[in-house]
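Since the structure comes first, as structure tokens, the remarks are kept for the end.
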Amino acid sequence: MKAAICVFPGTNRERDMAIALERASGRKPLMLWHRETALPPGLDLVVLAGGFSYGDYLRCGAMAAHSPVMAAVRDFAARGGHVLGVCNGFQILTEAGLLPGALLRNASLRFLAMDCTLRVERADTPYTAHFQQGATFRATMAHGDGNYFCDPATLAELEGEGRVVFRYADENRNGSLNAIAGICSPNARVLGLMPHPENCVDPLVGGTEGLPVFTSIVESLAA
Amino acid sequence: MVTRLRVTVFPKAGVLDPQGKAIERALGGLGFAGVREVRVGKVMLVDVEESDPARARAMGEEMARRLLANTVIESFTVEIA
């Protein structure tokens, strides 16, 4: 699997993401600076990692969504490419219009840095094939703006088309509509989620509950 | 000639505004009675090299649609300042 991680000024989870991708695929991902205007040829997966791109200026992910590399990522997604956005990466995907809705300030106004339990609502996406449908697993959240919001028509569409991939299964701490933690595009190739599966890929550092996200995508892309 | 645009962005009605709620409660705590609601938005002043007010305003509206506001959650107004 040939993967690349987009790095914006203020991205800070790209190295953890690289470790997770390498652990699952045996191959180091490329790092793509935000000023790149083209993606390397033969790329299978683009990842938008967590952090505070552009210092969260204007709105979380708003500046990154309009950076040069995102024009190339948008084309890549339009051609059927796989794009994974985690935390700030999810915010960038919504700001870029690659996923519907928006991430609002947490309802409590507090930055939430803690474990949460996610339920896998769909085990038939490229990112969740190694989970059991309905399974729950521990993930880590670390965000101030993870309160998923969209208009009622969009929500009905997401739920009706089965595009809610992950839901908070314990407590809906950030106030997301329908406890949504992650959604995908109609072709299930663009996935955004707030919690960090890349935090849980090493038995020595916090467990391996998040690893199936990465082994799933490696296997899906190899198939 | 430079025209100054005032772009005002607010969370849409129905979109939770937790900052507004927190300020509302704080005002109550300070003893201000009868505060019904507080909404928090932002104001941006944009100076553009365009002397025609209609064209300047149209430019500001395009800026707001594409970047300054997220129309999924926010509404905006553009005025000549």
Side-chain angles (χ1 to χ4, degrees), chain A residues 53-68 70-71 74 88 90-112 143-158 172-180 183 192, chain B residues 3-30 32 35-50 56-79 81:
Chain A
S53 57
Y54 298 87
D56 282 347
Y57 287 177
L58 192 62
R59 296 176 304 276
C60 301
M63 311 300 283
H66 299 283
S67 65
M70 280 307 293
R74 206 180 269 116
N88 189 222
F90 185 14
Q91 295 164 340
I92 295 168
L93 288 174
T94 60
E95 282 284 345
L98 285 169
L99 289 174
L103 283 312
L104 301 175
R105 182 64 48 89
N106 294 340
S108 64
L109 283 176
R110 291 193 175 88
F111 188 95
L112 297 168
H143 60 248
D145 299 69
N147 179 352
Y148 184 79
F149 177 87
C150 61
D151 62 56
T154 306
L155 186 62
E157 192 181 307
L158 286 173
N172 181 5
R173 296 180 178 89
N174 57 25
S176 291
L177 281 179
N178 292 11
I180 288 173
I183 57 170
Chain B
T3 302
R4 169 162 287 185
L5 300 168
R6 184 197 309 274
V7 183
T8 309
V9 178
F10 268 95
K12 280 183 181 171
V15 173
L16 179 71
D17 175 9
Q19 292 186 86
K21 286 274 169 251
I23 293 167
E24 203 178 294
R25 282 194 298 271
L27 288 172
L30 285 173
F32 290 99
V35 176
R36 280 284 191 79
E37 192 185 20
V38 178
R39 304 283 284 170
V40 178
K42 25 188 153 173
V43 175
M44 287 165 263
L45 299 176
V46 183
D47 292 344
V48 293
E49 284 181 7
E50 173 59 68
R57 187 197 292 261
M59 204 189 288
E61 284 171 353
E62 179 70 4
M63 288 173 187
R65 268 191 296 276
R66 292 183 54 190
L67 179 65
L68 306 181
N70 178 345
T71 55
V72 174
I73 49 171
E74 295 168 325
S75 58
F76 65 85
T77 55
V78 179
E79 301 157 284

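Throughout, a chain's letter reflects where its sequence line sits, starting with A, and its residues are numbered from 1. Hydrogens, waters and symmetry mates are skipped; everything else that's a heavy atom, side chains included, is used.
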At a cut-off of 3.5 Å, what donor and acceptor atoms pair up between chain A and chain B?
from, atom 1, to, atom 2, distance (Å)
L58(A), O, K42(B), NZ, 2.5
R59(A), NH1, L67(B), O, 3.1
R59(A), NH1, L68(B), O, 3.1
R59(A), NH2, L67(B), O, 2.8
H66(A), NE2, R66(B), O, 3.2
E95(A), OE2, N70(B), ND2, 3.1

| said: Restricting to non-hydrogen atoms, name the atom on F149(A) and the atom on V72(B) that form the minimum distance, rounded to 0.1 Å. | reply: CE2-O, 3.9 Å

| request: Work out which heavy atom in A107(A) is nearest to a heavy atom in P18(B); give both atom names and the distance. | output: O-CB, 3.7 Å

| query | So what's closer than 4.5 Å to chain B heavy atoms on L104(A): side chain, backbone, both or neither? | reply | side chain

| query | For I23(B), what residues pass the side chain to side chain contact (heavy atoms under 4.5 Å, CB included) criterion, not counting sequence neighbours? | reply | L27(B), V38(B), V40(B)

